[in-house]
Every structure is written in C-alpha cells, then in structure tokens.
Amino acid sequence: PAFEALKVTHAWAGHYETCLLDHNAVIGRHPRVSNFISVCGFSGHGLQHGPAAGRAVAEEIVLGRQESLSLSCFGFDRVLEGRPLLERGIV
C-alpha cells in the first residue's frame with residue numbers, strides 16, 4: 001500500500017551503446033587504422049568496467065601494450081572477423 005503513494009521525482013534518459021555483434025565492449029587498437037584506439041560499446045556496464053578498461057588503454061598508449069591485464073579478447077579483430085565473445089557466466 002505504501003508504494004501507491006510514491007511519485008517519480010527524477011528521471012534520466014540517454015543513449016544505450018552496444019556492440020551489435022555480442023553486446024560486449026570494443027577495447028584497443030584498430031588493426032587497420034593506425035593511431036586509433038577505441039573504448040566503447042559497454043552495453044551499460046561502462047561504470048563497472050571503466051577502471052580496468054581505462055588502465056588497459058592508458059598502458060596501450062604509454063607502453064604500446066596492455067601490461068597489467070590483457071583485454072585483448074575485447075579487441076577489434078573479433079568484430080571484424082565476426083567472432084562474438086560469448087559470456088558464460090550469465091544465467
């Protein structure tokens with residue numbers, strides 16, 4: 001009964017970015033376009049994945065490689081080759 005009295009006081013709407021291939025992020029250098037690094041397509045998980053993705057891309061820029069952790073499974077190659085990255089932990 002208490003929920004009947006609740007009113008929406010704030011709302012937000014925005015673009016929900018996804019990678020149409022598998023709904024996972026695309027992170028890293030583009031294999032065909034030099035000096036292009038992408039970090040996009042998180043399907044709403046950017047806030048959760050942002051720190052790791054930011055670190056990996058920062059290392060890619062500064063060191064020329066992802067050193068602390070490899071996010072290569074999220075690379076452009078899988079998109080260009082049509083190889084979806086399927087998540088096994090989703091119920």
Honestly curious: do V39 and L69 fall in one hydrophobic cluster under the side-chain, below-4.5 Å linking rule?
yes
Within the side chain of R83, is there an N or O that forms a donor-acceptor pair under 3.5 Å with the backbone of E81?
no
Donor-acceptor under 3.5 Å (E60 side chain, R29 main chain)
no
Please give me the minimum heavy-atom distance between L85 and C73, naming the atom from each residue.
CD2-O, 3.8 Å
Shortest non-hydrogen separation from V57 to S38 and the atoms involved:
CG2-O, 4.4 Å
Can V79 be reached from F74 by stepping across I, L, V, M, F, W or Y side chains whose heavy atoms are under 4.5 Å apart?
no
Is any side-chain heavy atom of S34 closer than 4.5 Å to one of F36?
no
Cluster overlap L86 with F42, hydrophobic side-chain contacts below 4.5 Å:
no
For E59 and S68, what are the C-alpha separation, side-chain angles and deciding distance, and is it a side chain to side chain donor-acceptor pair (under 3.5 Å)?
CA-CA 8 Å; E59 290 176 355; S68 312; 2.2 Å; yes
Checking side chain to side chain contact (heavy atoms under 4.5 Å, CB included) against H30, which of N35, L80, I37 comes through?
L80
Nearest-0.5 Å distance, CD of residue E87 to CG of residue N24:
4.5 Å
How far apart are the closest heavy atoms of I27 and A53, and which atoms are they?
CD1-CB, 4.0 Å
Same cluster for L71 and I61 if Ile/Leu/Val/Met/Phe/Trp/Tyr side chains link at under 4.5 Å?
yes
Give a yes or no on this: more than 12 heavy atoms of other residues, nucleotides or ligands lie within 6.0 Å of atom CZ of R55.
no
